Amino acid sequence: MDFGDILNQWDAAQKKVPQKKSYPQKSHKKANAPTKEEKEALRQGYTFEQQMQKDNQQRINPIELWLNRYGTVDKDKIADEAAERALLHNLEYLRSLKPQAILDLHGLTRDEAWARVNLFVGDCKRRGLRKIMIIHGKGNHSHGSDPVLGPMVKQFIEQDARLGTSGHPDRNNGGSGATWVLLK
């Protein structure tokens with residue numbers, strides 16, 4: 001049996017099957033049937049029209065009507081938010097700001113620290129933080145002659161586009177063993 005024979009049998013079978021006609025669906029609700037609210041009003045002893053008249057006779061304060069329609073604007077709140085946004089763009093303010101998150105890399109290898117810093121920066125960026133602190137130590141316990149983590153953090157900051165200005169805090173907050181970074 002070839003494909004042409006199969007098509008001919010299919011056509012013959014389709015001609016024998018009666019075609020179903022689709023009719024548009026009709027609503028069985030009467031045209032002027034009362035709504036649910038109208039039925040409830042009739043049960044309580046008054047018509048829906050009487051309730052509408054009663055509602056229309058109520059006086060509403062025009063100021064309350066206007067406030068309900070258009071709402072209010074809190075200009076003080078808008079001004080405070082604008083001032084806060086301006087502060088976040090002020091570099092001196094951001095430098096004096098306390099770090100919003102701190103990461104300590106003590107005891108990690110260079111590769112482990114790189115991965116940890118990458119995850120930390122991604123998380124801080126997603127949370128919308130502006131200033132972070134990375135504690136890397138001064139390298140006193142490094143096995144070689146040169147510190148490992150401090151230069152690695154500096155290289156990471158230079159290569160990562162999510163990070164901006166950086167620096168070291170004062171001596172009381174870690175000095176050269178820590179680096180603060182502003183996120184872009």
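One is the number of the first residue; the rest follow in order along the sequence. Computation of the quantities below employed the complete heavy-atom set of this structure, encompassing side-chain atoms and omitting hydrogens, waters and symmetry-equivalent molecules. It should be emphasised that the depicted structure is a prediction, and the values quoted were computed from it without experimental measurement.
Atoms CE and CD1, on Met152 and Ile134 in that order, are 7.5 Å from each other to the nearest 0.5 Å. With values rounded to the nearest 0.5 angstrom, Leu108 atom CG is found 14.5 Å from Trp114 atom CH2. Remark: Ile135 CD1 to Thr179 OG1 distance equals 10.0 Å, nearest 0.5 Å. Atom OG in Ser166 sits 11.0 Å away from atom NZ in Lys131 (nearest 0.5 Å). The distance from the NE2 atom of His136 to the CG atom of Leu103 is 10.5 Å, given to the nearest 0.5 Å.
The two residues Val121 and Leu183 come nearest to each other via the heavy atoms O-CD2, 4.2 Å. Shortest non-hydrogen contact noted between Leu149 and Thr109 is CD2-O, 4.1 Å. Pairing each heavy atom of Gly122 with each of Arg162, the nearest pair is CA-NH1, 3.3 Å. Between His106 and Gly137, the closest heavy-atom pair is NE2-CA, 3.6 Å.
Within a 6.0 Å radius of CD1 in Ile78, other residues, nucleotides and ligands contribute more than 12 heavy atoms.
The pair Asp123-Arg126 meets the salt-bridge criterion, with a side-chain N (NZ, NE, NH1 or NH2) lying under 4.0 Å from an Asp/Glu carboxylate O.
For the pair His168 (side chain) and Ala178 (backbone), a donor-acceptor distance under 3.5 Å is present.
No chain of hydrophobic side-chain contacts below 4.5 Å, direct or via other Ile, Leu, Val, Met, Phe, Trp or Tyr residues, connects Leu129 to Leu119. Using a 4.5 Å cut-off between side-chain heavy atoms of Ile, Leu, Val, Met, Phe, Trp and Tyr, with links allowed through other members, Phe156 and Phe120 fall into the same hydrophobic cluster. In terms of hydrophobic clustering, with Ile, Leu, Val, Met, Phe, Trp and Tyr side chains grouped at heavy-atom distances under 4.5 Å, Tyr70 and Ile63 are assigned to a common cluster.
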